[in-house]
Student: 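Dumping the structure here so I can ask a few things about it.
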2 protein chains.
Amino acid sequence: MSTISPKKQEIIDRESRILELARQMVLSGGYHGLGLDSLATELGVSRGTIYNHFKCKEEIILALLVETMGKRRDMFQRAASYREIPRVRLAAIGVAAELFVRLYPDHFRVEQIVKSDSIWDKTTEERRALVKGCQMQCVGIVAGIVRDGVAQGHVTLPEGTSCESLVFGLWSMTEGAYSIIATSDAVAELGIHEPFPAIRTNIHRMLDGFGWLPLSSEMDFAAAMEKIVEDVFAKEFARLKQPW
Amino acid sequence: MSTISPKKQEIIDRESRILELARQMVLSGGYHGLGLDSLATELGVSRGTIYNHFKCKEEIILALLVETMGKRRDMFQRAASYREIPRVRLAAIGVAAELFVRLYPDHFRVEQIVKSDSIWDKTTEERRALVKGCQMQCVGIVAGIVRDGVAQGHVTLPEGTSCESLVFGLWSMTEGAYSIIATSDAVAELGIHEPFPAIRTNIHRMLDGFGWLPLSSEMDFAAAMEKIVEDVFAKEFARLKQPW
DNA sequence: TCAATTTCTTGACACATCGTCAAAAACATC
DNA sequence: GATGTTTTTGACGATGTGTCAAGAAATTGA
């Protein structure tokens, strides 16, 4: 029999509530905003109970990260299975990445925190493997599209440049751009009031530079992206306040 | 008279020693690796004395950041004054950025930490202004070169794309790439064993995509960069273990 | 030179937070 | 409802930050 006793169910539910509340606290105050004492109090349990769920504070943060990365991987997967030529599928990935970061800025914030602080030492090998798995899946999805583009002759990489190298470029650009936007108002001070279109342009230029067909000058990618949104991410897009 | 009493000199010297030691501690253990107690003990003073120099722990970290960013700005400045066509001067900036991150990985680490944690609330307005000033100076140097390129007709930006937007692209790419390299071994797992050449390629492709002349296919940028190193950064390059 | 004044240093104190653990409470099973 | 198991609790020890009054050291002025 696989019925769940009410007590077990309560524990499972509580774990969700812990993560939900923890995310809010991290969002509002970073690593130090997450205090296990207030977390426990607010949940109506004692601190010891929290430690029944997670070995340490860092494990909670990593659990948040796993949730976050899983969410993005799912969006990437949906984008990648879009039935179109590789460069448009890549644009679909771009839509997914942008929608993700705009819909869930708090999720992105968690990634920022984990990256810089020395969190990893205290965490369990299992959860670290989960994180790494998600990361490699995301990269793998994109790499697959690049390989398709090469296989179909839409792009020819020069000697000594691998598909992965191009993926690294896409990853760097988005990672860097989102990070700059999230952690500094320098972008606005630069006079860039709509950074997301700027990011799209820069990525298109890089792909153009690799000669990936069709070039952004030959095709209306803006229209293509609108269609992607309609076809794949209508629900997510509807939740966006600032339209596009 | 502007002679400095021995006591004042001692205090000035101590401030340097504080920062030097603090950087080591941050490097080895992140934000939490910097303990004011061990810092004071190791320096042979009491904790109270540290607080005479810096209002709080966060101020120390920001002071490290100012040192770091000033160092990079100086290298940028040297690169920007290289007497060449704009695209080569941009390559010189690239050399500076890469040399910086490879020569001082610990400096870069500090930037990572500051970015994610909620450090800023506790710090003084003055030091925050110092940081922001350095940042805008770096950006301004690059923007100047881009404007030169446009003015000299080497590149024509499409309607609705500003010079700053391109600068944002360059910044994003390098920021993201260095961050990925520093915080994850995913790059190696992607099969990219020499990430720095890959970054250079991706940046060149983006500039090619903007049609910035001369294109990377028309000119031997590798040779140009070697010359830049010789002419501008010979001393720094000599200190690099892994050649290039 | 020495006393007055200013500046600097110290370390104990108050406070906050993390993680542990033995005892108590709640739960499950027969 | 008696017994064994699981879960919860909250006091405790350890560590770390920031403050401050008192003492030490340096500077100033006559």
Side-chain angles (χ1 to χ4, degrees), chain A residues 1-18 21-22 25-26 28-64 113-114 117-124 127, chain B residues 1-18 21-22 24-26 28-64 113 117-124 127:
Chain A
M1 66 196 245
S2 65
T3 55
I4 304 156
S5 78
K7 181 65 185 175
K8 293 287 179 195
Q9 186 61 50
E10 184 200 325
I11 291 176
I12 292 172
D13 291 348
R14 187 170 48 214
E15 187 141 325
S16 307
R17 286 196 300 139
I18 290 175
L21 189 53
M25 298 174 81
V26 167
S28 70
Y31 176 89
H32 293 97
L34 174 56
L36 297 205
D37 217 336
S38 21
L39 179 65
T41 305
E42 202 129 347
L43 249 61
V45 296
S46 78
R47 260 222 325 289
T49 300
I50 305 288
Y51 282 93
N52 272 3
H53 291 267
F54 299 97
K55 216 176 107 273
C56 62
K57 190 174 160 172
E58 281 72 16
E59 279 277 292
I60 297 180
I61 293 179
L62 230 54
L64 293 177
I113 288 167
V114 171
D117 227 317
S118 49
I119 301 254
W120 299 87
D121 311 335
K122 299 193 188 171
T123 57
T124 61
R127 221 181 283 270
Chain B
M1 63 189 237
S2 64
T3 54
I4 304 156
S5 77
K7 180 65 185 174
K8 292 289 179 197
Q9 187 59 51
E10 183 199 327
I11 292 175
I12 292 172
D13 290 348
R14 187 168 49 213
E15 188 142 322
S16 306
R17 285 197 300 141
I18 290 174
L21 189 52
Q24 285 175 29
M25 297 175 84
V26 167
S28 70
Y31 176 90
H32 294 97
L34 174 57
L36 298 204
D37 217 337
S38 21
L39 179 65
T41 305
E42 203 128 348
L43 249 61
V45 296
S46 80
R47 260 220 327 287
T49 299
I50 305 287
Y51 282 93
N52 271 4
H53 291 266
F54 299 96
K55 216 177 106 272
C56 62
K57 188 174 160 172
E58 280 72 17
E59 279 277 292
I60 297 180
I61 294 178
L62 229 55
L64 293 177
I113 287 167
D117 227 318
S118 50
I119 300 254
W120 300 85
D121 311 335
K122 300 194 189 171
T123 57
T124 62
R127 220 181 285 268

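Note on naming: letters A, B, ... go to the chains in the order of the sequence lines (proteins, then strands), and numbering restarts at 1 for each one. All values below come from the heavy atoms of this structure, side chains included, with hydrogens, waters and symmetry mates left out. Quantities reported herein were computed from a predicted structural model and do not represent experimental measurements.
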Student: Rounded to whole Å, how long is the line connecting atom CG of A/N52 with atom P of C/dA25?
Tutor: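 Computing the A/N52:CG to C/dA25:P distance gives 17 Å.
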
Student: For nucleotides 23-25 of chain D, print each protein N/O atom paired with a nucleotide N/O atom at under 3.5 Å, atom names and distance only.
Tutor:
none

Student: Are OP1 or OP2 of C/dT10 and a side-chain N or O of B/T49 less than 4.0 angstrom apart?
Tutor: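 For B/T49, the contact criterion (side-chain N or O under 4.0 Å from OP1 or OP2 of C/dT10) is met.
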
Student: With distance as the sole criterion, do the side chain of A/R47 and the base of D/dG10 form a donor-acceptor contact below 3.5 Å?
Tutor: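 No such pair is found, so the answer is no.
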
Student: Measure the distance from NZ on A/K8 to P on D/dT5 and round it to the nearest whole Å.
Tutor: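 Roughly 14 Å, once rounded to whole Å.
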
Student: Heavy atoms, side chains only, cut-off 4.5 Å: are B/V26 and B/I60 in contact?
Tutor: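 No, their side chains stay 4.5 Å or more apart.
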
Student: Just verifying a value: how many Å separate B/I113 CD1 and B/I119 CD1, rounded to the nearest 0.5 Å?
Tutor: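 Going from the CD1 atom of B/I113 to the CD1 atom of B/I119 covers 7.5 Å.
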
Student: For the NZ atom of B/K57 and the CD1 atom of B/I61, what is their distance to the nearest 0.5 Å?
Tutor: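 Between atom NZ of B/K57 and atom CD1 of B/I61 there are 6.0 Å.
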
Student: Distance check, rounded to the nearest 0.5 Å: B/F54 atom CZ versus B/L39 atom CG?
Tutor: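 Result: 9.5 Å between the selected atoms.
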
Student: Figure out the NE2/C1' separation between A/H32 and D/dG16, and round it to whole Å.
Tutor: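 Atom-to-atom, A/H32 to D/dG16, this comes out as 10 Å.
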
Student: Give one of base, sugar-phosphate or nothing for A/G35, where a contact means two heavy atoms less than 4.0 Å apart.
Tutor: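 The answer is sugar-phosphate, as A/G35 gets under 4.0 Å only of primed atoms, P, OP1 or OP2.
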
Student: Which is it for B/E58 and B/Y31 under the side chain to side chain donor-acceptor pair (under 3.5 Å) test, yes or no, and what are the steps along the way?
Tutor: CA-CA 9 Å; B/E58 280 72 17; B/Y31 176 90; 2.6 Å; yes

Student: Side chain of B/K122, heavy atoms from C-beta onward: which of D/dG10, D/dG18, C/dC8 has the nearest atom to it?
Tutor: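 When the side chain of B/K122 is considered, D/dG18 is the closest of D/dG10, D/dG18, C/dC8.
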
Student: Between CG of A/L62 and CZ of A/R127, what distance do you get to the nearest 0.5 Å?
Tutor: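 The distance works out to 7.0 Å.
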
Student: In whole Å, what is the span from the CD1 atom of A/I11 to the P atom of C/dA26?
Tutor: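 Distance, rounded to whole Å: 15 Å.
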
Student: Scan residues 36-44 of chain A against DNA chain C and write down, sorted by residue number, each residue with any heavy atom closer than 4.0 Å; if none is found, say none.
Tutor: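 Heavy-atom contacts with DNA chain C come from A/L36, A/D37.
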
Student: Mind checking if A/I50 touches a base, just sugar-phosphate, or nothing, with heavy atoms under 4.0 Å?
Tutor: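 It contacts nothing in the nucleic acid.
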
Student: Which listed nucleotide (C/dG19, C/dT10, D/dT7) is nearest to the side chain of A/R14?
Tutor: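 When the side chain of A/R14 is considered, D/dT7 is the closest of C/dG19, C/dT10, D/dT7.
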
Student: Using atom OH of A/Y51 as one end and atom P of D/dC12 as the other, report the distance to the nearest whole Å.
Tutor: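 After rounding, the reported distance stands at 18 Å.
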
Student: In whole Å, I'd like the distance from the CD1 atom of A/I60 to the C1' atom of C/dG19.
Tutor: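 Spelled out: CD1 on A/I60 to C1' on C/dG19 is 12 Å.
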
Student: Please confirm whether the backbone N or O of B/T124 pairs with a side-chain atom of B/K55, one donor and one acceptor, at under 3.5 Å?
Tutor: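 No, the answer is negative, given that no donor and acceptor are paired below the 3.5 Å cut-off.
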
Student: What is the distance from atom CD of A/E59 to atom NZ of A/K122, rounded to the nearest 0.5 Å?
Tutor: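 Rounded to the nearest 0.5 Å, the CD-NZ separation comes to 11.5 Å.
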
Student: Nearest whole Å is fine: how far is C/dC18 C1' from A/F54 CZ?
Tutor: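 Going from A/F54 (CZ) to C/dC18 (C1'), I get 16 Å.
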
Student: Check whether any side-chain heavy atom of B/L21 sits under 4.5 Å from a side-chain heavy atom of B/R17, and report yes or no.
Tutor: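 They are not in side-chain contact.
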
Student: Tell me the interatomic distance from B/M25, atom CE, to D/dT17, atom C1', rounded to whole angstroms.
Tutor: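 Atom CE in B/M25 sits about 14 Å away from atom C1' in D/dT17.
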
Student: Could you give the distance from CG (B/D37) to CD1 (B/I50), rounded to the nearest 0.5 Å?
Tutor: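 Spacing of CG (B/D37) from CD1 (B/I50) equals 10.0 Å.
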
Student: Heavy-atom nearest nucleotide on DNA chain D for B/C56 versus B/E10: which residue maps closer to 5'?
Tutor: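 This one resolves to B/C56.
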
